[in-house]
Trainee: 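Could you have a look at this structure, given as structure tokens, before my questions?
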Amino acid sequence: MPTSILAGGVEPFAARREQAPETVRARRAFLAYMRDELHTPLDAIIGYSEILLADFKGPEHARFTGDLEKIHDEGERMLGLTNDILNTSKTEEIAATDLDLEAFGARIRYEMRTPLTAIIGYCELLLEETGAVCLARCADHLRKIHAAAQQLLALIDELVRFSKIQAGVLELDLNSPEVTPMIRELVAVIRPLAEDKHETPQVSQGRILVADDSKVSRELLSHRLRQQGYETFTVADGQQALDTLAEQAFDLVLLDIMMPGMNGYQVLEHLKADNTLRYIPVIMISALDEIDSVVRCIELGAEDYLPKQFNPVLLQARVGACLEKKRLRDQEVQLFKQLEENYGRLQELESLRDSLTDMIVHDLRTPLTSLLGGLSMIRGMGELNPTQLRFLAISLRGGETLLGMINDLLDISKMEAGSLAPQLQELSAMRLIELTLLQIEQLALENNQTLITDIAPVLPSFQGDEDQLRRTLVNLTGNAIKFTPRGGTITLAARLSDDGNALRFAVSDTGEGIPPEAFERIFEKFGQVDSRQNGHKLSTGLGLTFCKMVVEAHGGNIWVESELGRGSTFFFTIPLKLNL
């Protein structure tokens with residue numbers, strides 16, 4: 001009767017007692033964790049020794065290659081031993097039996113310690129001889145092999161200690177500073193499934209279509225899924241699956257690969273080619289477990305792959321994960337649809353607002369023009385006293401300001417609609433600034449403000465719309481006058497840009513300045529900024545929006561630089577060569 005090497009050959013496997021499922025799972029997790037942890041340093045020992053052996057070719061290195069070959073052989077020996085002790089089929093058998101964990105851990109240490117000690121010794125011997133040129137360039141790899149061997153030795157000691165903890169020989173106190181991170185990780189790895197609290201799907205229950213030509217497989221799989229809380233439907237072949245999916249909505253498809261007529265691959269291809277069905281997640285199921293089959297399913301768009309003879313826990317986890325992804329995607333689709341609908345409503349409201357604005361503006365301009373004409377005529381109808389003249393001037397200025405806003409609003413609407421393109425002609429910076437001063441200097445004089453020009457000599461002419469650019473400068477200068485206290489200074493400047501490809505205009509003031517967070521907002525339609533000094537709105541109305549659209553229509557840029565309490569400067573550039 002065969003005996004267990006791993007338990008020290010003490011007890012036949014047949015005499016072992018069957019273990020509870022949770023115990024089996026915990027031991028399986030422990031053994032799998034051990035296998036993975038042991039492989040990492042072993043791979044380093046073997047890999048780096050192979051690199052060194054490839055470098056140390058030729059008879060002149062014979063005295064070194066002997067030790068390197070011994071290191072490599074001992075690494076291969078330990079890898080074979082690890083694979084033999086901890087291969088998947090054997091760990092399943094070990095986990096299901098009444099394993100003496102303390103003896104198991106001691107056996108691993110006994111088998112591993114001798115080759116590990118040899119590897120460490122050979123590495124130290126070779127490292128002492130790294131004065132030789134051929135070894136000096138390989139010392140780093142030798143140190144890595146030595147470190148991996150030391151790591152493996154420490155790891156085996158930790159596993160032995162954990163085996164004693166599991167066997168009840170040592171007490172486990174996770175709060176103790178002597179407990180290493182590896183043992184804490186192992187405790188987490190082997191915790192019972194019940195502690196995960198995921199016994200039922202946490203997502204909303206879904207509709208699942210099961211397509212399999214085997215009646216037994218369909219019934220078993222459907223039964224397991226219903227136990228887990230899902231609504232299931234079954235079909236016997238690929239064509240039935242496609243017909244059912246075209247008629248009903250499903251959240252997930254479990255699709256057998258080997259079916260007569262139309263196999264699972266073909267069904268999957270049809271699903272992924274259909275725009276209405278392509279987003280339904282598909283888990284492929286088959287008795288085939290070749291890697292080529294798995295890869296092909298994933299390449300065709302399958303969400304996951306399950307071999308037959310389902311593990312109920314794995315089935316539940318993968319179905320739950322797929323349905324969770326489907327639920328999240330459905331939420332995204334619904335949210336996107338809602339955003340599209342809201343955007344459509346917003347566009348309708350904006351169109352309605354613009355139409356209403358255009359109607360109001362057109363209806364306002366005619367009576368306002370008549371009002372301004374009548375006020376202007378009053379001046380020539382007789383002598384007015386100073387008070388009457390002052391109020392008449394206030395009325396005219398207010399009306400002209402309102403008419404300017406109406407014109408700006410109309411022009412902005414036309415620019416947004418693309419029906420107000422610049423009328424290009426040859427212009428000079430000097431003439432634009434002179435026209436601006438003629439229109440604005442009286443307002444500055446009334447506010448006891450100083451207007452200064454700073455125009456670079458011999459500026460080249462450029463192409464632009466004189467009326468639009470003049471109004472841009474007037475708007476910027478008017479704002480500077482408005483927000484500069486009495487006695488302040490406004491400067492209009494023009495010069496070439498730093499790269500020499502554009503003219504740069506600037507309007508500076510000595511007002512209270514603009515906060516940095518408002519630099520972009522002031523160019524928006526009806527953008528406003530609160531004054532920090534007097535609490536008033538630094539309303540830019542539509543003037544700056546008009547300026548921005550004019551400058552950008554000429555292919556230029558507009559921006560502001562400002563320092564609170566020191567004033568602001570508005571810049572804009574007009575390219576010397578337009579590409580409109």
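None of these values were measured; they are calculated from a predicted model.
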Trainee: Applying salt bridge (Lys or Arg N to Asp or Glu O under 4.0 Å), can you list everything that pairs with Arg278, at least two apart in sequence or on another chain?
Mentor: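 Not a single residue meets the salt bridge (Lys or Arg N to Asp or Glu O under 4.0 Å) criterion with Arg278.
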
Trainee: Among residues at least two apart in sequence or on other chains, which ones pass salt bridge (Lys or Arg N to Asp or Glu O under 4.0 Å) with Arg318?
Mentor: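 Here the qualifying residues are Asp304.
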
Trainee: With heavy-atom distances below 4.5 Å as the criterion, would you say the side chains of Arg224 and Gln316 are in contact?
Mentor: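 No, side chains not in contact.
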
Trainee: Can you tell me how far apart CG (Leu126) and CG (Leu52) are? Round to the nearest 0.5 Å.
Mentor: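 Atom-to-atom, Leu126:CG and Leu52:CG are 8.5 Å apart.
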
Trainee: Going by the rule side-chain contact (heavy atoms from CB on, under 4.5 Å), which residues pair with Ser222 if we only count those two or more places apart in sequence or in a different chain?
Mentor: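 In terms of side-chain contact (heavy atoms from CB on, under 4.5 Å), with neighbours along the sequence ignored, Ser222 is linked to Arg226, Thr232, Thr234.
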
Trainee: Suppose we screen for salt bridge (Lys or Arg N to Asp or Glu O under 4.0 Å). Which residues come up paired with Lys272, at least two apart in sequence or across chains?
Mentor: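 If we apply the salt bridge (Lys or Arg N to Asp or Glu O under 4.0 Å) test to Lys272, skipping adjacent residues, there are no hits.
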
Trainee: Which pairs pass salt bridge (charged side-chain N to carboxylate O under 4.0 Å, His left out) with one or both residues in residues 229-238, sequence neighbours excluded?
Mentor: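 The answer is Arg207-Glu231.
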
Trainee: By side-chain contact (heavy atoms from CB on, under 4.5 Å), which residues pair with Ser214, not counting sequence neighbours?
Mentor: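 Partners of Ser214 by the side-chain contact (heavy atoms from CB on, under 4.5 Å) criterion, ordered by chain and then number, come out as Asp212, Val216, Ser217.
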
Trainee: Please enumerate all residues that pass side-chain contact (heavy atoms from CB on, under 4.5 Å) together with Leu277, with sequence neighbours excluded.
Mentor: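 Expected list: Leu245, Leu271, Asp274, Ile280.
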
Trainee: Any ion pair linking Glu324 and Arg327 (charged N to carboxylate O, less than 4.0 Å)?
Mentor: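 So Arg327 pairs with Glu324 through a salt bridge.
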
Trainee: Find the distance between CD1 (Ile119) and OG1 (Thr117) and round it off to the nearest 0.5 Å.
Mentor: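 It is 9.5 Å, given to the nearest 0.5 Å.
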
Trainee: Ignoring hydrogens and angles, write down the donor-acceptor pairs under 3.5 Å from the side chains of residues 68-79, residues two or more places apart or on other chains.
Mentor:
{"from": "His72", "atom 1": "NE2", "to": "Glu50", "atom 2": "OE2", "distance (Å)": "3.1"}
{"from": "Glu74", "atom 1": "OE1", "to": "Arg77", "atom 2": "NH1", "distance (Å)": "3.4"}

Trainee: Checking Lys326 now: which residues fulfil salt bridge (Lys or Arg N to Asp or Glu O under 4.0 Å) with it, not counting sequence neighbours?
Mentor: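 Testing Lys326 for salt bridge (Lys or Arg N to Asp or Glu O under 4.0 Å), a comparison that skips the adjacent residues, returns Asp251, Asp330.
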
Trainee: Going by side-chain contact (heavy atoms from CB on, under 4.5 Å), name the residues that satisfy it together with Ile120, two or more places apart in sequence or in a different chain.
Mentor: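 By the side-chain contact (heavy atoms from CB on, under 4.5 Å) rule, Ile120 matches Glu124, His146, Ala149, Gln150, Leu153.
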
Trainee: If you measure only the distance, is there a donor-acceptor pair under 3.5 Å linking the side chains of Tyr265 and Glu269?
Mentor: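 Their side chains do not contain a donor-acceptor pair, so the 3.5 Å distance test is not met.
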
Trainee: Quick check: do Leu254 and Leu209 have side-chain heavy atoms less than 4.5 Å from each other?
Mentor: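 They are not in contact (no side-chain heavy atoms under 4.5 Å apart), so the answer is no.
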
Trainee: With sequence neighbours left out, what residues match Tyr122 under ring-ring contact (aromatic ring centres under 6.0 Å, His included)?
Mentor: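 By the ring-ring contact (aromatic ring centres under 6.0 Å, His included) rule, Tyr122 matches no residue at all.
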
Trainee: Residues in ring-ring contact (aromatic ring centres under 6.0 Å, His included) with Phe519, at least two apart?
Mentor: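 With neighbours one apart ignored, the set is empty.
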
